[in-house]
Q: 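I am attaching a structure below and will ask some questions about it afterwards.
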Amino acid sequence: MTLTIYNTMTRKKEPFETLDPGKVRLYVCGPTVYDKAHVGHAMSSIVFDVIRRYLEYKEYDVQHVMNYTDVDDKVILRAQDLGVDPLDLAEQYIDEYDQHLKELNILPAHVFPRVSTEIETIISVIKGLVDKGYAYDVDGDVYFRVAKDEDYGRLSRRVLEDMRAGARLGIDDRKEDPADFALWKAGKPGEPTWESPWGPGRPGWHIECSAMSLHHLGDQIDIHGGGNDLIFPHHENEIAQSESYTGKPFARYWVHNGMMQLSGEDMSKSTGNVFTIEQFLGKFDADVLRLLILNASYRSPLTYNEDVIEQAAHALERLKGGLRSASPLPDLDPSEAATLTQAAEQARIGFETAMDDDFNSAGALGHLFELVRAINEARTAGIDEENLGAAQDVLCKLAGVFGLSLTPKDQLDAEAAPFIDLLLEIRRELRTAKQWELSDRIRDRLSELGISLEDGKGGTVWRVH
RNA sequence: GGCGACGUAGCCAAGUGGUAAGGCAGGGGUCUGCAAAACCCUUAUGCGCGGGUUCGAAUCCCGCCGUCGCCUCCA
């Protein structure tokens with residue numbers, strides 16, 4: 001089966017072909033670290049994590065780079081407000097985001113470059129652009145000469161003329177063209193600055209990604225990702241910079257995730273202000289956020305509200321339910337095993353077919369649930385552990401492509417288990433004696449403490465809910 | 001104003017020409033002492049509205065209505 005990927009550049013799904021066979025160079029634009037990260041940032045990281053996991057599932061060797069923008073207007077402004085050093089502030093949020101990536105079970109990129117550690121490359125790229133006539137300096141600033149790039153605007157399908165007419169900010173008449181953008185900004189007091197051929201200053205926003213991608217992945221990459229809010233101007237400008245500098249096509253596939261709908265007062269009410277990743281993880285499992293995202297197309301805007309979170313939480317319970325252990329019965333119809341094996345195989349094929357179609361995770365998820373049902377049916381029929389386990393392995397492997405851990409919530413201390421078992425033992429005797437009131441009280445009280453009891457044919461099992 | 005998305009059941013959502021996946025919620029049932037979980041049945045003759053093309057349309061075309069994003073701060 002062939003993987004097809006929607007390419008923002010062509011606005012079409014295209015068969016996926018890599019520059020080097022079996023190897024994928026993946027660059028994803030990471031956050032500007034000026035504040036706590038919110039679930040929208042998590043969405044982007046999760047989307048590209050799943051893309052990476054699926055590529056690796058298909059046995060591609062993926063080289064993944066994600067940057068942190070630690071030098072930027074927003075960081076500087078925020079630091080000035082707080083009266084702290086901008087780089088320290090950035091460092092703090094980078095640490096936090098690193099932690100979030102772990103908690104969200106996102107595979108770490110192979111390289112996490114930052115502006116502050118890539119100044120050398122950035123300056124040499126800017127220098128190259130100036131030498132080739134694609135950039136010019138004015139009073140310590142360096143601007144990209146948009147007019148010199150005849151392809152400018154082809155990713156966002158914008159016409160240069162319209163952009164000039166629509167220029168909103170005060171026109172800076174030191175620029176040759178209102179559409180020209182900054183590669184290097186002359187330093188101002190209180191800002192972090194570095195020495196450069198144009199005097200002390202700092203990089204503009206767009207140049208960092210061109211430079212980092214070039215530095216860590218080479219002149220050309222397979223996939224460049226980010227939120228669709230970055231298409232213009234950020235990615236458009238990256239293309240202009242990179243291609244003007246190398247003279248080669250930059251990224252083969254431009255992949256953009258849709259925005260999580262977070263703005264507006266209605267939204268803050270409906271979510272109880274669970275916006276930051278920290279807040280979300282304080283209340284819900286990381287798998288819930290994954291499921292919420294994977295249930296929809298990565299390219300579409302995503303509804304984010306309390307209902308949807310609840311639904312995802314319930315859906316997660318159902319998925320986990322598929323992993324419960326067998327309760328084998330002796331008089332099993334032998335065809336059950338064959339039926340289950342076939343269901344697992346169908347789920348695998350369905351999953352891959354969906355994912356091959358531009359990472360259709362919602363379609364793929366449907367196949368996971370179908371497998372869960374088949375597993376549950378087989379368990380009810382009394383299938384043996386080995387056959388059930390084989391199907392559950394398929395479920396886990398496919399769920400793993402989604403980065404779902406499906407692990408139970410923080411299990412109680414191991415010390416609690418014997419006491420729960422003791423209560424169950426007493427309850428069993430009470431039930432034998434038909435002391436329903438007392439036995440139900442144990443069940444109800446345990447439930448309040450977060451332990452669910454399930455009375456089955458083989459006895460009572462408990463789990464944390 | 002320019003560019004671009006989207007509108008499928010109570011909610012989320014897949015599905016780009018062949019007769020509507022999946023999840024959540026709801027209803028009925030099996031199991032159970034009662035529950036829970038699980039399983040079975042059930043919930044859109046219908047895909048924003050109106051036309052058109054076609055043997056056949058959620059899917060293609062035209063118009064209208066509505067929601068949203070971007071237009072040099074943004075994952």
Side-chain angles (χ1 to χ4, degrees), chain A residues 8 11 13 28-32 34 37-48 66 69 72-74 77 153 156-159 161-163 165-169 178-182 204-206 225-234 236-237 256-264 291-292 294-297 299-303 305 307-319 321-322 324 327 350 354 357 360-370 372-373 375-377 379-381 431 434-437 439-440 443-444 447 452-457 460-461 463 465:
Chain A
T8 306
R11 311 284 160 111
K13 289 182 192 173
V28 181
C29 287
T32 299
Y34 68 98
H38 55 66
V39 284
H41 296 110
M43 174 175 176
S44 187
S45 288
I46 288 172
V47 162
F48 287 100
M66 189 194 92
T69 301
D72 169 86
D73 293 356
K74 283 182 136 176
L77 275 174
S156 57
R157 310 219 164 169
R158 272 157 220 261
V159 181
E161 275 315 310
D162 297 345
M163 285 185 259
R168 303 194 292 193
L169 293 190
D180 289 350
F181 56 90
W205 173 36
H206 315 295
N228 68 12
D229 54 340
L230 298 180
I231 294 172
F232 188 87
H234 187 55
E236 195 71 72
N237 292 352
H256 293 100
N257 65 275
M259 295 291 103
M260 210 175 235
Q261 306 293 299
L262 297 171
S263 52
L291 229 40
L292 169 64
L294 293 165
N295 184 44
S297 160
R299 287 196 275 128
S300 302
L302 182 68
T303 309
N305 58 41
D307 273 1
V308 165
I309 298 172
E310 276 310 308
Q311 289 171 16
H314 285 283
L316 176 63
E317 285 311 307
R318 179 156 176 85
L319 270 188
R324 293 185 194 181
S327 43
D357 180 16
N360 178 357
S361 57
L365 190 58
H367 292 282
L368 247 46
F369 282 111
E370 279 167 5
V372 167
R373 188 193 296 131
I375 287 172
N376 288 339
E377 278 170 14
R379 185 194 299 102
T380 305
R431 292 182 71 215
K434 298 197 193 293
Q435 300 261 6
W436 307 127
E437 211 174 299
S439 70
D440 286 354
R443 185 174 65 197
D444 294 345
S447 175
S452 309
L453 300 191
E454 292 171 16
D455 299 323
K457 284 208 171 77
T460 302
V461 294
R463 65 191 175 91
H465 68 240

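A, B, ... follow the sequence lines: proteins, then strands. Residue 1 opens every chain.
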Q: How many Å lie between CD1 on A:I309 and C1' on B:rA25, as a whole number?
A: 16 Å
Q: Grab the CG-P distance between A:N228 and B:rC3 for me, whole Å please.
A: 18 Å
Q: Should A:H314 be listed as having a side-chain N or O under 4.0 Å from OP1 or OP2 of B:rA25?
A: yes
Q: Any side-chain heavy atom of A:T460 sitting closer than 4.5 Å to one from A:R431?
A: yes
Q: Can you give one letter per nucleotide of nucleotides 6-13 of chain B, 5' to 3': B if a protein heavy atom sits under 4.0 Å from the base, S if only from the sugar-phosphate, - if neither?
A: -----BBS
Q: Which part of the nucleic acid, if any, lies within reach of A:T32 when heavy atoms closer than 4.0 Å are counted: base, sugar-phosphate only, or nothing?
A: sugar-phosphate
Q: Quick one, give me the B/S/- string for nucleotides 30-41 of chain B, reading 5' to 3', where B means a protein heavy atom under 4.0 Å from the base and S means that only happens at the primed atoms, P, OP1 or OP2.
A: ---BBBBSSSS-
Q: So which heavy atom on A:C29 is nearest to which on A:M66, and how close?
A: C-CG, 4.4 Å
Q: Could you work out the separation of B:rA38 and B:rA44 based on their C1' atoms and round it to a whole Å?
A: 27 Å
Q: Look only at the side chain of A:H41 and the backbone of A:H38, and say whether a donor-acceptor pair between them is shorter than 3.5 Å.
A: yes
Q: Write down the distance separating the P atoms in B:rU8 and B:rC12, rounded off to the nearest Å.
A: 8 Å
Q: For A:D73 and for A:A315, find the nucleotide of RNA chain B with the closest heavy atom, then tell me which residue's nucleotide is more 5'.
A: A:A315
Q: Would you mind pulling out the nucleotide paired to B:rA38, Watson-Crick or G-U wobble, both distances under 3.5 Å?
A: B:rU30
Q: What interatomic distance, in whole Å, is found between P of B:rG50 and the corresponding atom of B:rA37?
A: 42 Å
Q: Taking only the P atom of each, what is the distance from B:rU45 to B:rA21 in whole angstrom?
A: 14 Å
Q: Determine the Euclidean distance between corresponding P atoms of B:rG18 and B:rG56; express it in Å to zero decimal places.
A: 15 Å
Q: Say we look at B:rA9 and B:rU59: how far apart would their P atoms be, to the nearest angstrom?
A: 15 Å
Q: Among A:D229, A:N257, A:N228, exactly one meets side chain to side chain donor-acceptor pair (under 3.5 Å) together with A:S44. Which residue is that?
A: A:N257
Q: Could you give the distance separating B:rA36 and B:rG29 at their P atoms, to the nearest angstrom?
A: 13 Å
Q: In Watson-Crick or G-U wobble terms, both distances under 3.5 Å, what is the partner of B:rG46?
A: none
Q: Taking A:R324 for the side chain and A:N376 for the main chain, is one N or O donor matched with an acceptor at less than 3.5 Å?
A: no
Q: With a 3.5 angstrom cut-off on both distances, give the Watson-Crick or G-U wobble partner of B:rG66, or none if there isn't one.
A: B:rC6
Q: Under a 3.5 Å limit for both distances, which nucleotide forms a Watson-Crick or G-U wobble pair with B:rA58, could you say?
A: none
Q: So which nucleotide does B:rA25 pair with, by the Watson-Crick or G-U wobble rule with both distances under 3.5 Å?
A: none
Q: With the side chain counted from C-beta on, respond yes when A:L302 and A:M260 share a heavy-atom pair under 4.5 Å apart, and no when they do not.
A: yes
Q: Without decimals, in angstroms, what is the distance between A:H234 NE2 and B:rC71 C1'?
A: 17 Å
Q: Starting at CG of A:D229 and ending at P of B:rC71, how long is that distance when rounded to a whole Å?
A: 8 Å
Q: Starting from P on B:rA14, measure out to CZ on A:F369 and report it in whole angstrom.
A: 14 Å
Q: Nearest to the side chain of A:E370, heavy atoms from C-beta on, is which of B:rC73, B:rA21, B:rA75?
A: B:rA21
Q: With heavy-atom distances below 4.5 Å as the criterion, would you say the side chains of A:N295 and A:V308 are in contact?
A: no
Q: Looking for any heavy atom pair under 4.0 Å, which part of the strands does A:H256 touch: base, sugar-phosphate only, or nothing?
A: nothing
Q: Partner lookup for B:rU16, please. Criteria are Watson-Crick or G-U wobble with both distances under 3.5 angstrom; report none if nothing qualifies.
A: none
Q: Considering every strand and a 4.0 Å limit on heavy-atom distances, what is the contact class for A:G30: base, sugar-phosphate, or nothing?
A: sugar-phosphate
Q: Does the A:E437 side chain pair with the main chain of A:Q435, one donor and one acceptor, at a distance under 3.5 Å?
A: no
Q: Separation of A:R11 atom CZ from B:rC3 atom P, in whole Å?
A: 12 Å
Q: Could you state the atom-to-atom distance from CG of A:L230 to C1' of B:rC71 in whole Å?
A: 14 Å
Q: Holding to ring pair (Phe, Tyr, Trp, His ring centres under 6.0 Å), I want the full list of residues that pass it with A:H206, two or more places apart in sequence or in another chain.
A: A:F181, A:H234
Q: Quickly work out the A:M43 CE to B:rG69 C1' distance and round it to whole Å.
A: 13 Å
Q: Just wondering, do A:Y34 and A:L77 contact through their side chains at under 4.5 Å, heavy atoms?
A: no
Q: Can you tell me how far apart CG (A:N237) and CG (A:L230) are? Round to the nearest 0.5 Å.
A: 11.5 Å
Q: In whole Å, measure the gap between the P atoms of B:rA58 and B:rG17 for me.
A: 13 Å
Q: Answer whether the closest heavy-atom distance between the side chains of A:K13 and A:D357 falls below 4.5 Å.
A: yes
Q: Counting any heavy atom closer than 4.0 Å, what does A:G40 reach on the DNA or RNA strands: base, sugar-phosphate only, or nothing?
A: base
